[in-house]
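Report on the following structure.
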Amino acid sequence: MNEKTIAPGIQYIGADDTELDLFEGQYAIPEGISYNSYIILDEKVAVLDTIDARKTNEWMDNLTQALDGRRPDYLVVSHMEPDHSSNVKLVLDTWPDITVVCTQKAVQLITRFFGVELPQERVMLVKDGDTLPLGEHTLRFFTAPMVHWPEVMVEYEEKEKILFSADAFGKFGALSYDDPEGWACEARRYYFNIVGKYGAQVQMLLKKLGSLDIQKICPLHGPVLDQDIAYYVNTYNTWSSYEPEDSGIFIAYCSLHGNTEEAALKLASIIKSDYDVKVSTADLRRDDLHEAVEDAFRYDRLVLAAPTYDGGVMPIMEDFIHHLQIKNYQNRRVAFIENGSWAPMAAKKMREAMEQLKGITVVEPIVTVESTVKPQTVEKLKELAAALNA
């Protein structure tokens, strides 16, 4: 089999994008992204999703080569986000007799995106458990609403036992990039920043798929997963349950003049010196915000350190907490370090925001830096380190 062959009769026809700097206009992707698309060549031919308009020509070349003169019978639309659906209208125009296989919600979105009304005879609407026989291969469909758009569905190919998982199990990074950190690092950043709000919906999908014998997972971003499938499923179960993946302490800080930073790093130093626990830190002024979100979800303890600013919290910390809120951050122990030269308010504001979230336990003492780190500040940091590790 060639490098594009997923299994006999099933090929990869997607493309890498190594020039895009921001995914969805906000997530840094220094190693690029892949837009995945697949084709099943049997008695009937099914194209599984298109790709982003940035790579239309490469995708059409791949599709034409795979077809080798044949005409596709079906276009399966798993997800209508433009990085996967930009070429739907091109397919409809190129093959006017092709049948679109999708959910009812996807039909509505096709109209909204492309201004076309699909006639009923060109659409095969599917729901949970419906099948599409192609010959030796059969696709079985499972709806996955809000993983992470309402129209999403996934497909299970029964002969080769392949799950085409839409955005689930995806990761940042082009396929041409050999990630030295493995799958989990960029898959975790992808999951919590993009899908993370919808843990309950991911749990529902995992339950639907629980009885399937899955030998390969083909996501819409990232590599085909074909070994130790239980690892990927169990990891997704952990993430979508909002349970910590690792035991450890993540310290996220910002600082106006370096004093709050000194306190945060001093706490990290104390913990590393006195306790056998993983400690990770992030300077929210400089480090990638979305990696900080990833680490907040990864570990079971979080420390927020920020100065008082205009009677509240330094804005970059407010932004970080806002990102945690909108991604349903929960079930963690959280501690606070604040700084204030005349009226410290940061800890009060941070605590109020975090206590709105589910399952948050505040770890005392709250440490107040009065302008600069002093011996008594260090003693309070030692108390906090002990409480975090109690």
Leu163 CG to Asp213 CG distance, which is reported to the nearest 0.5 Å: 11.5 Å
Ser241 side chain to Gln203 side chain, donor-acceptor N/O pair below 3.5 angstrom: yes
Side chain to side chain contact (heavy atoms under 4.5 Å, CB included) evaluation trace for Ile326 with Lys197: CA-CA 7 Å; Ile326 63 176; Lys197 178 179 179 178; 5.8 Å; no
Nearest heavy-atom neighbours spanning Met345 and Thr308: N-OG1, 2.9 Å
Heavy-atom neighbours of Asp97 CG exceed 12 at 6.0 Å: yes
Any side-chain heavy-atom pair of Pro244 and Arg301 under 4.5 Å: no
Nearest heavy-atom neighbours spanning Ser371 and Asn339: N-OD1, 3.1 Å
Closest contact, heavy atoms only, Ile251 versus Val279: CD1-CG1, 4.1 Å
Glu19, CD: over 12 other non-hydrogen atoms inside 6.0 angstrom: no
Step-by-step ring pair (Phe, Tyr, Trp, His ring centres under 6.0 Å) determination, His290 to Tyr27: CA-CA 7 Å; His290 304 104; Tyr27 305 112; 4.5 Å; yes
From Leu209 atom CG to Ile214 atom CD1, the distance as rounded to the nearest 0.5 Å: 5.5 Å
Side chains of Asp49 and His79, donor plus acceptor under 3.5 Å: no
Neighbour count >12 (heavy atoms, 6.0 Å) for atom NZ, Lys327: yes
Side-chain donor-acceptor pair present, Tyr177, Asp16, cut-off under 3.5 Å: no
Main-chain N/O of Thr260 paired with Ser255 side-chain donor or acceptor, under 3.5 Å: yes
Side chains of Met60 and Leu90 in contact at under 4.5 Å (non-hydrogen atoms): yes
Which atom of Met350 lies closest to which atom of Ala306, heavy atoms considered: SD-CB, 4.0 Å
CD (Glu364) with more than 12 external heavy atoms under 6.0 Å: yes
Flag side-chain contact, heavy atom, 4.5 Å: Glu31 against Phe172: no
Centroid-centroid under 6.0 Å between Phe169 and Tyr232 rings: no
Heavy atoms from other residues, nucleotides or ligands near CD of Glu160 exceed 12 (cutoff 6.0 Å): yes
Step-by-step salt bridge (Lys or Arg N to Asp or Glu O under 4.0 Å) determination, Glu352 to Lys348: CA-CA 6 Å; Glu352 288 173 351; Lys348 179 178 183 292; 2.7 Å; yes
Step-by-step salt bridge (Lys or Arg N to Asp or Glu O under 4.0 Å) determination, Asp226 to Lys216: CA-CA 4 Å; Asp226 57 4; Lys216 292 183 181 181; 5.1 Å; no
Flag if over 12 foreign heavy atoms under 6.0 Å of CD, Glu355: yes
4.5 Å side-chain heavy-atom contact, Leu357 and Val334: no
Min side-chain heavy-atom separation Phe141-Val101 under 4.5 Å: yes
Least distance between heavy atoms, Ala15 atom then Ile51 atom: CB-CD1, 3.9 Å
Contact check, side chains of Met80 and Arg112, non-hydrogen atoms, under 4.5 Å: no
Contact check, side chains of Ile360 and Tyr329, non-hydrogen atoms, under 4.5 Å: yes
Same apolar cluster (I L V M F W Y, side chains within < 4.5 Å links), Ile229/Ile10: no
Intermediate values then yes/no, salt bridge (Lys or Arg N to Asp or Glu O under 4.0 Å), Arg140 and Glu158: CA-CA 7 Å; Arg140 195 191 317 175; Glu158 296 180 345; 2.9 Å; yes
Verdict with supporting geometry, Asp128 and Lys208, salt bridge (Lys or Arg N to Asp or Glu O under 4.0 Å): CA-CA 9 Å; Asp128 284 333; Lys208 290 181 184 182; 3.0 Å; yes
Distance in Å, Glu261 CD paired with Arg285 CZ, rounded so as to fall on 0.5 Å steps: 4.5 Å
Spatial distance of atom CG (Leu212) from atom NZ (Lys161) [nearest 0.5 Å]: 10.0 Å
Reported CG-to-CD distance for the pair Leu381 and Glu383, which is rounded to 0.5 angstrom: 9.5 Å
Euclidean distance, Leu225 CG relative to Ser165 OG, rounded to 0.5 Å: 7.5 Å
Heavy-atom pair of closest approach, residues Glu245 and Thr238: CA-CG2, 4.1 Å
Transitive ILVMFWY side-chain link Val293 to Phe250, under 4.5 Å: yes
Heavy-atom side-chain proximity of Ile162 to Tyr38 below 4.5 angstrom: no
Under 3.5 Å: donor-acceptor pair, side chain of Arg332, backbone of Gln330: yes
Asn36 and Ser34 side chains, donor-acceptor separation under 3.5 Å: yes
